[in-house]
Amino acid sequence: MRLMFTDYAVIKPKSSITLVICTSVWLALFGNLALWKSFIAVPEISGFHGLLFGLAFALVIASLVAALLFIFSWRWTLKPAITVLLLLAAFSTYYMLMYGVVVNTSMVLNVFQTDYKEARDQMSWGLLITVILIAILPAIWIWQQPMIRLGFMQQLTRNISFFAISFLVALGTLQLVFQDFASLMKSHTEMRYQINPLNSLYGVLRLTVLADRVSKGPPQPLGIDASITHGKSGEDQRPPLLVFVLGETARSQNFSLNGYSRLTNPSLAREDVTSFTRVKSCGTSTAESVPCMFSHLGRADFLNRENEFENMLDVLQHAGYAVLWIDNQSGCKAQCDRIPNINTSNLKIPTHCKTGECRDTVMLERIDDEISKLPIDRRMRGTVVVLHQMGSHGPAYFKRTPDEFKEFKPECADASLSQCNRDEIVNAYDNTILFTDYFLSRVIGWLKTQEKTNVTAMLYVSDHGESLGEKNMYLHGLPYSVAPPEQTTVPMITWLSPGFEKFSNVSTRCLQTHRDKPLSHDNLFHSVLGLMRVKTSVYQHDLNFFAACENR
Ligand SMILES: [Zn+2]
């Protein structure tokens with residue numbers, strides 16, 4: 001890599017054209033190491049034909065990058081534009097090589113929504129070295145080159161001509177290898193998200209310019225006709241209290257309740273819970289899944305929506321319930337905008353927040369106080385509390401568990417996973433599931449203490465799963481169409497107190513006989529409304545998975 005760099009350093013560019021060409025070639029080759037790694041691994045591509053196809057593919061990328069850069073080829077904008085592209089390519093290359101992820105719209109969205117703490121988790125020497133080699137060193141060279149001054153018209157003519165030439169070279173070359181290219185993109189869809197830095201730019205465009213499909217402005221009201229249907233007279237007069245635990249990065253297959261060979265759920269195993277084994281997530285990332293989970297639309301319609309709508313929590317509030325969101329993560333992704341909410345992740349409570357990050361149990365420390373602030377007339381009708389976990393958020397799994405929960409050893413203690421073998425990574429991950437198991441049993445324990453005044457229930461669902469080295473993939477966020485089941489099969493667990501069973505007419509005994517039924521995040525909105533006996537025109541009975549066990 002260094003040899004290559006010195007070779008480049010002897011070139012003395014005469015004009016912006018040389019800078020653009022050097023950058024484009026550099027990005028096509030070294031900014032796309034992850035793409036070339038996948039390319040070489042494709043069995044159909046081999047021999048001289050494969051080499052020619054690879055060169056043509058690289059030429060298409062280089063020409064497209066050049067075309068893009070010629071738009072910015074002005075005295076004050078070219079070097080900044082080159083720097084941005086180099087940095088985008090370097091960061092993406094690192095994550096793609098390291099974790100087998102790809103850069104698509106939801107990945108870009110996640111980067112925008114990542115808070116400082118999450119970013120700090122992902123810093124590593126490997127990342128630093130990749131960014132220095134692929135972006136910083138070439139950028140230093142670029143910034144040292146003089147730019148020849150041209151008149152406005154001369155520069156404009158030159159930019160337009162070279163933009164056109166680059167574009168035509170890209171099109172022409174693509175034409176030559178179109179058959180190979182089309183079949184490669186069809187059989188290896190994920191590779192189109194590996195083309196640097198066009199993938200990141202496309203992601204940013206989709207989120208900004210092309211995102212106008214979903215109209216801006218306040219969300220459309222939803223379920224304003226909602227009301228609570230009351231039980232027969234003489235029934236238990238205690239109002240319902242539901243805790244909805246929104247899990248993070250928990251995958252179904254690592255729960256011993258779902259058949260995992262390691263005992264990761266010792267605490268929940270002692271409670272009368274139902275663990276559903278075949279629940280599909282709406283997306284493969286927090287930013288994608290969370291808004292979809294609370295929506296009435298279901299995955300397909302949610303992706304094609306033209307408006308934002310109010311969500312499940314708004315409807316519960318319209319029905320008259322007290323609703324509260326407690327967040328121990330990076331925020332509620334606009335789902336708690338119209339309901340009381342607090343964030344506990346930055347509290348300084350010593351027993352829960354020793355390492356600068358608060359354990360999920362901190363939410364139970366605050367729950368009584370926060371509920372007591374909700375309007376009493378609403379609480380008399382019933383309460384729904386969302387607890388948004390930090391859960392198994394990676395790659396720094398080891399940071400999510402206190403020492404007493406590090407049952408599976410040795411544990412990977414490297415924030416980037418690069419220094420660990422797969423067993424150590426799985427150990428660290430399983431420890432987070434063990435801690436979530438404890439946390440959920442604490443939630444149930446707390447609910448039992450509320451039984452004097454309320455009938456209580458818990459519903460736990462994770463937002464998406466996680467890859468832990470299967471097919472060399474780590475983390476999550478793959479485009480849904482190519483995502484492996486590890487990233488899309490999530491745990492869902494219910495616990496209903498006997499009083500709540502009477503209130504909802506749903507029995508745990510019956511639910512347990514339905515635990516292997518295929519379900520998805522699409523069911524959540526309607527199931528929670530059904531469980532809480534909310535009557536509204538937006539409720540769909542056939543999507544309520546509790547309905548099969550209702551005996552009204
Ligand atoms: Zn998530």
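The first residue of the sequence shown is numbered 1, and numbering continues consecutively from there. Note that ligands are numbered from 1 as they come in the structure, with each ligand's atoms numbered from 1 the same way. Excluded from the calculations below are hydrogen atoms, water molecules and symmetry mates; all remaining heavy atoms, backbone and side chain alike, are included.
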Going by the angle between their ring planes, with limits at 30° and 60°, are Y99 and Y95 parallel, tilted or perpendicular?
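Plane angle under 30°, so parallel.
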Distance (rounded to the nearest 0.5 Å) between F255 CZ and Y260 OH
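If I round to the nearest 0.5 Å, the distance is 11.5 Å.
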Keeping S289 on the side-chain end and T286 on the backbone end, is there a donor-acceptor pair under 3.5 Å?
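Such a contact is absent between S289 side chain and T286 backbone.
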Side-chain donor/acceptor of R338 to backbone N/O of D314, under 3.5 Å
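Pair absent, no side-chain N/O of R338 close to backbone of D314.
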Quick check on K448: does its NZ atom have over 12 non-hydrogen neighbours (other residues, nucleotides or ligands) under 6.0 Å away?
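Atom NZ in K448 is packed in, count exceeds 12.
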The Zn ion (ligand 1): protein N, O or S atoms [distance under 2.8 Å]
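Protein N, O or S atoms closer than 2.8 Å to the Zn ion (ligand 1): E248 OE1, E248 OE2, T286 OG1, D463 OD2, H464 NE2.
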Does the cation-pi check pass for R305 over F302, that is, NZ or CZ under 6.0 Å from the six-membered ring centre and within 45° of its axis?
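So R305 does make the cation-pi contact.
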